[in-house]
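Structure first, commentary second.
Predicted model only: the values in this text are computed from it and were never measured. Just follow the structure's listing: the first ligand is 1, and inside any ligand the first atom is 1.
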Amino acid sequence: MKKKAIVTGITGQDGSYLAEWLLEKDYEVHGVSRHASVARHDRIEHLQDRITLHSADLLDEGSLISLLEQVQPDEFYNLAAMSFVPVSWRQPTFTAEVTGTGVLRCLEAIRRVNPQIRFYQASSSEMFGKVVETPQSETTPFYPRSPYAVAKVYGHWITVNYRESYDMFACSGILFNHESPRRGLEFVTRKITDGVARIKLGLQDELRLGNLKAKRDWGFAGDYVKAMWLMLQQDQPDDYVIGTGVTKSVEEFVDLAFSHVGLNWQDYVVVDPKFYRPAEVNLLLGDASKAQEKLGWQAETDLGGLVRMMVDADMARLSTSPAKLRLVA
Ligand code: NAP
Ligand code: GDD
């Protein structure tokens, strides 16, 4: 019999890649999509005949309980969140409810319906924030720097707590930044690759960015969802850091992206303080040696490959369907 998995956040970047990976592994995939007056399912359009979508919301525990009773899954991947850091200062209570206590609602629903269901929580390297050591590993203390990161720390610890209190198979993946052509346009990598493509095609003449000095450990989302699945296939539940072990500044990413289309970034990039954050995370660098040793996982795509993939995809999209032009946040 096929294994069944529920994926919250299936309409997001990671949800779409995880759904593809689980289908490849012959799972029956059930996705959670919250109600909207106009549904946006672009990232999973190509999968619509192979997955089942359910209406539920992390703000509504009853909807999660009904979903679990109906599907009776083997695995539950909680990828849903308000995931854009700047919005978390503008909507801190909403962020706490979705990204923080939303995790508790998932765990409680599982505990009530069937505590044997294996649970994955999408924790984040943002929890390391103002880092107390470099590189960051599973034992590095957290120092969150945004309402988003504080909510993620709650989600992380409630996952650990349910594992220890109720003997549930609950894992937390502490993932460093991961990107793809499906990344939201407001995140810096996609804002850059989309901007580079527009400038190259004559659709835009400058790119306004914030702090170019911030450093991130950037990987490819398609590689990272495999680590999520691997965590739930182990004999024991545990927490794992997932990253590439390489950190680069936003400026270096910008340089790689503009160079790929033969342009000099200094001619186009304008630093705009509007994009500065009230408290910045200056440096993230992951030590994923535990994941490599115990899961046999390592990043397959390097930064150069990632940048080329994203710029090429944005060039192709904007060259062939100008109707899809969208404004960047
Ligand atoms: P994303 O593209 O922003 O997707 C977030 C998903 O959450 C969307 O499908 C969204 O649905 C859903 N969602 C939001 N609020 C919800 C609610 N109240 N109920 C149900 N669903 C809700 O994020 P991502 O990049 O794929 O990241 C996936 C997860 O990993 C997130 O939890 C994120 O915080 C975490 N994470 C991401 C990274 C990264 O670098 N990408 C790194 C570490 C951790 P709609 O389509 O309806 O908005
Ligand atoms: N978004 C954005 N826009 N960021 C900018 C800009 C800009 O115009 N200019 C500079 N940056 C800098 C930000 O200040 C930050 O230091 C860095 O680029 C990365 O910003 P984002 O791409 O928005 O990602 P993030 O690191 O804040 O958060 C992402 O990664 C986390 C994991 O570490 C998100 O995916 C989170 O959900 C995730 O948990």
Region of Ala214 that comes within reach of ligand 2 [heavy atoms, distance under 4.0 Å]: side chain

Ligand 2 N/O within reach of Gly210 N/O, cut-off under 3.5 Å: yes

Pair Glu300 + Lys226, salt bridge at N-O below 4.0 Å: yes

Glu280 and ligand 2 - part of the residue with a heavy-atom distance under 4.0 Å: side chain

Close-contact set for ligand 2 against Ser125 heavy atoms, below 4.0 Å: 32 (C), 33 (O)

Mode of Val85 contact toward ligand 2 - side chain, backbone, both, neither (heavy atoms, under 4.0 Å): side chain

Under-4.0 Å heavy-atom contact with ligand 2, by part of Leu212 that carries it: neither

From CA spacing to verdict: ring pair (Phe, Tyr, Trp, His ring centres under 6.0 Å), Phe76, Phe169: CA-CA 10 Å; Phe76 186 109; Phe169 197 108; over 10 Å; no

Side chain Glu252, main chain Ser249, donor-acceptor under 3.5 Å: yes

Audit row: Arg216, Glu251, salt bridge (Lys or Arg N to Asp or Glu O under 4.0 Å) steps and yes/no: CA-CA 11 Å; Arg216 289 291 183 276; Glu251 186 174 300; over 6 Å; no

Test side chain to side chain contact (heavy atoms under 4.5 Å, CB included) applied to Leu207 and Phe258, step by step: CA-CA 11 Å; Leu207 176 59; Phe258 276 90; 4.1 Å; yes

Other residues, nucleotides, ligands: >12 heavy atoms within 6.0 Å of Lys3 NZ: yes

Cation-pi, Phe275 ring and Lys191 (6.0 angstrom, 45 degrees): yes

CZ/Arg208: more than 12 non-hydrogen atoms of other groups inside 6.0 Å: yes

Ring center gap for Phe128 and Tyr143 short of 6.0 angstrom: no

Part of Tyr276 with heavy atoms under 4.0 Å of ligand 2, whether side chain, backbone, both or neither: neither

Polar atom proximity, Val188 to ligand 2 (N or O, under 3.5 Å): yes

Tyr224: which of Trp297, Phe176, Trp21 passes ring-ring contact (aromatic ring centres under 6.0 Å, His included): Trp297

Contact atoms of ligand 2, heavy-atom distance to Ser124 under 4.0 Å: 31 (C), 32 (C), 33 (O), 38 (C), 39 (O)

Working for side-chain hydrogen bond (donor to acceptor under 3.5 Å, both in side chains), residues Ser33 and His54: CA-CA 6 Å; Ser33 166; His54 303 262; over 6 Å; no

Close-contact set for ligand 2 against Leu209 heavy atoms, below 4.0 Å: 8 (O), 9 (N)

Contact atoms of ligand 2, heavy-atom distance to Phe84 under 4.0 Å: 1 (N), 23 (O)

Arg317/Asp312 salt bridge by N-O under 4.0 Å criterion: no

Part of Met82 within contact of ligand 2 (heavy atoms, under 4.0 Å): neither

Per-ligand residue contacts, ligand 1, heavy-atom threshold under 4.0 Å: Gly9, Thr11, Gly12, Gln13, Asp14, Arg34, Asp57, Leu58, Leu79, Ala80, Ala81, Ser83, Val98, Ala122, Ser123, Ser124, Tyr148, Lys152, Leu175, Phe176, Asn177, His178, Arg183

Arg277-ligand 2 polar pair, N/O distance under 3.5 Å: yes

Residues, nucleotides or ligands: over 12 heavy atoms within 6.0 Å of Asn114 CG: yes

Atoms of ligand 2, numbered as shown, that sit under 4.0 Å from any heavy atom of Arg183: 29 (C), 34 (C), 35 (O)

Proximal atoms of ligand 2 relative to Phe275 (non-hydrogen, under 4.0 Å): 8 (O)

